[in-house]
Amino acid sequence: MTARSRQGFKLLAVFFLLLSALHIQGWFEPAAASANRRVVLLHTLSPDDEWTRRATDGIMESFSDSGVTAEIFIEYMDITSTFWSSHVERLKDLLEAKFSTSPPDVVVTTGNEAATFALVHTAVLFGGAPIVFCGLTNEYLFSVFPEGRGTGIYSVPAHDLSFRRSEGSIQGHPSPSFQT
């Protein structure tokens with residue numbers, strides 16, 4: 001399976017997990033009986049990041065194809081090597097102003113930092129909305145994610161993949177060591 005098809009499979013799996021979470025909350029009620037649904041898509045990286053763009057495109061396309069109607073708010077933490085703790089405080093203030101009076105029904109996160117941020121601040125910023133995470137590579141965070149607070153996909157970190165040459169091509173193999 002190619003890296004691109006694995007990525008598509010992961011995004012599809014996250015979408016089905018999201019639909020399951022939404023179904024539990026009654027998202028498939030008749031349109032007249034249901035309220036306008038709100039989804040926050042919180043990215044760890046910036047909109048300039050290729051993986052972030054693809055994740056956004058896949059999630060938006062999945063919503064479009066599913067027929068589920070939701071108002072989607074896309075937020076970027078824009079984590080870089082120059083990220084400062086004051087940035088987190090400003091982001092908290094911004095998101096509290098945007099969502100405290102009208103919280104989302106679900107928060108979708110991409111990356112470790114976005115999942116951690118949402119988990120720590122969901123009560124204040126997002127009214128305790130469930131979290132659907134993808135691109136989570138921190139095994140510890142995955143292991144301590146509280147049951148019933150959300151669902152998602154754990155991804156093997158890139159540094160845990162080793163590569164070997166086979167008939168002139170490079171193939172990925174899960175392994176903590178590098179093989180030639």
Side-chain angles (χ1 to χ4, degrees), residues 1-25 38-63 66 68 70 72-83 85 87-88 91-92 95 99 103-163 172-177:
M1 187 181 313
T2 67
R4 186 174 182 161
S5 63
R6 279 192 299 272
Q7 179 184 11
F9 174 75
K10 286 180 183 180
L11 288 175
L12 184 61
V14 168
F15 176 70
F16 284 119
L17 290 170
L18 177 60
L19 282 182
S20 297
L22 301 180
H23 180 69
I24 290 169
Q25 293 183 340
R38 298 166 50 92
V39 175
V40 170
L41 174 54
L42 180 63
H43 289 293
T44 294
L45 300 174
S46 77
D48 297 328
D49 177 72
E50 179 68 21
W51 188 90
T52 300
R53 280 195 309 271
R54 287 183 178 185
T56 301
D57 291 347
I59 291 167
M60 299 299 285
E61 184 177 332
S62 295
F63 268 102
S66 73
V68 172
I72 301 176
F73 301 89
I74 303 174
E75 303 291 340
Y76 300 93
M77 293 182 71
D78 199 14
I79 299 290
T80 65
S81 59
T82 60
F83 186 74
S85 60
H87 178 81
V88 172
L91 182 62
K92 283 174 27 185
L95 295 178
F99 301 114
D105 296 289
V106 67
V107 177
V108 179
T109 66
T110 64
N112 296 319
E113 292 82 357
T116 301
F117 181 87
L119 186 59
V120 169
H121 301 292
T122 189
V124 172
L125 302 180
F126 307 121
I131 301 166
V132 176
F133 55 86
C134 65
L136 193 64
T137 59
N138 182 321
E139 191 171 338
Y140 176 75
L141 179 59
F142 181 73
S143 71
V144 299
F145 205 89
E147 194 171 324
R149 290 291 302 276
T151 189
I153 303 278
Y154 174 78
S155 300
V156 176
H159 65 272
D160 283 354
L161 296 176
S162 66
F163 296 93
H173 296 276
S175 172
S177 62

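Below, each value reflects all heavy atoms present in this structure, side chains not excepted, and no hydrogens, waters or symmetry copies. Each residue takes its place number in the sequence, starting with 1.
Proximity of Phe117 to Thr109: side-chain heavy atoms (C-beta onward) are nowhere separated by under 4.5 Å. Counting only heavy atoms from C-beta outward, the side chains of Phe63 and Val39 approach each other to under 4.5 Å. Counting only heavy atoms from C-beta outward, the side chains of Phe126 and Leu95 approach each other to under 4.5 Å. A 4.5 Å side-chain heavy-atom check between Asp49 and His43 finds every atom pair outside the cut-off.
Within the model, atoms CG of Leu41 and OG1 of Thr56 stand 5.0 Å from one another, a figure rounded to the nearest 0.5 Å. The OG1 atom of Thr116 sits 6.5 Å away from the CG atom of Asn138 when rounded to the nearest 0.5 Å. In this structure, Leu91 CG and Met77 CE are separated by 5.5 Å, a value rounded to the nearest 0.5 Å. How far CG of Leu141 is from CG of Asn112: 6.0 Å, rounded to the nearest 0.5 Å. Between the CZ atom of Arg54 and the CD1 atom of Ile59 there is a distance of 14.0 Å, given to the nearest 0.5 Å.
Here the closest non-hydrogen pair linking Arg53 and Asp48 is NH1-O, 2.6 Å. Of all heavy-atom pairs between Asp78 and Ser46, the closest is OD1-CB, 2.9 Å. Nearest approach of Ile79 to Leu45, heavy atoms of both residues: O-CD2, 3.4 Å.
In this structure, Phe73 and Phe99 have perpendicular ring planes: the angle between them is above 60°, well past the 30° mark.
For Thr44 (side chain) and Thr110 (main-chain N/O), a donor-acceptor pair under 3.5 Å exists by modelled atom type. Thr122 places a side-chain N or O within donor-acceptor distance of the main-chain N or O of Ala129, the cut-off being under 3.5 Å.
Under the side-chain contact (heavy atoms from CB on, under 4.5 Å) rule, Lys92 has a single partner from Val120, Leu125, Val124, which is Leu125.
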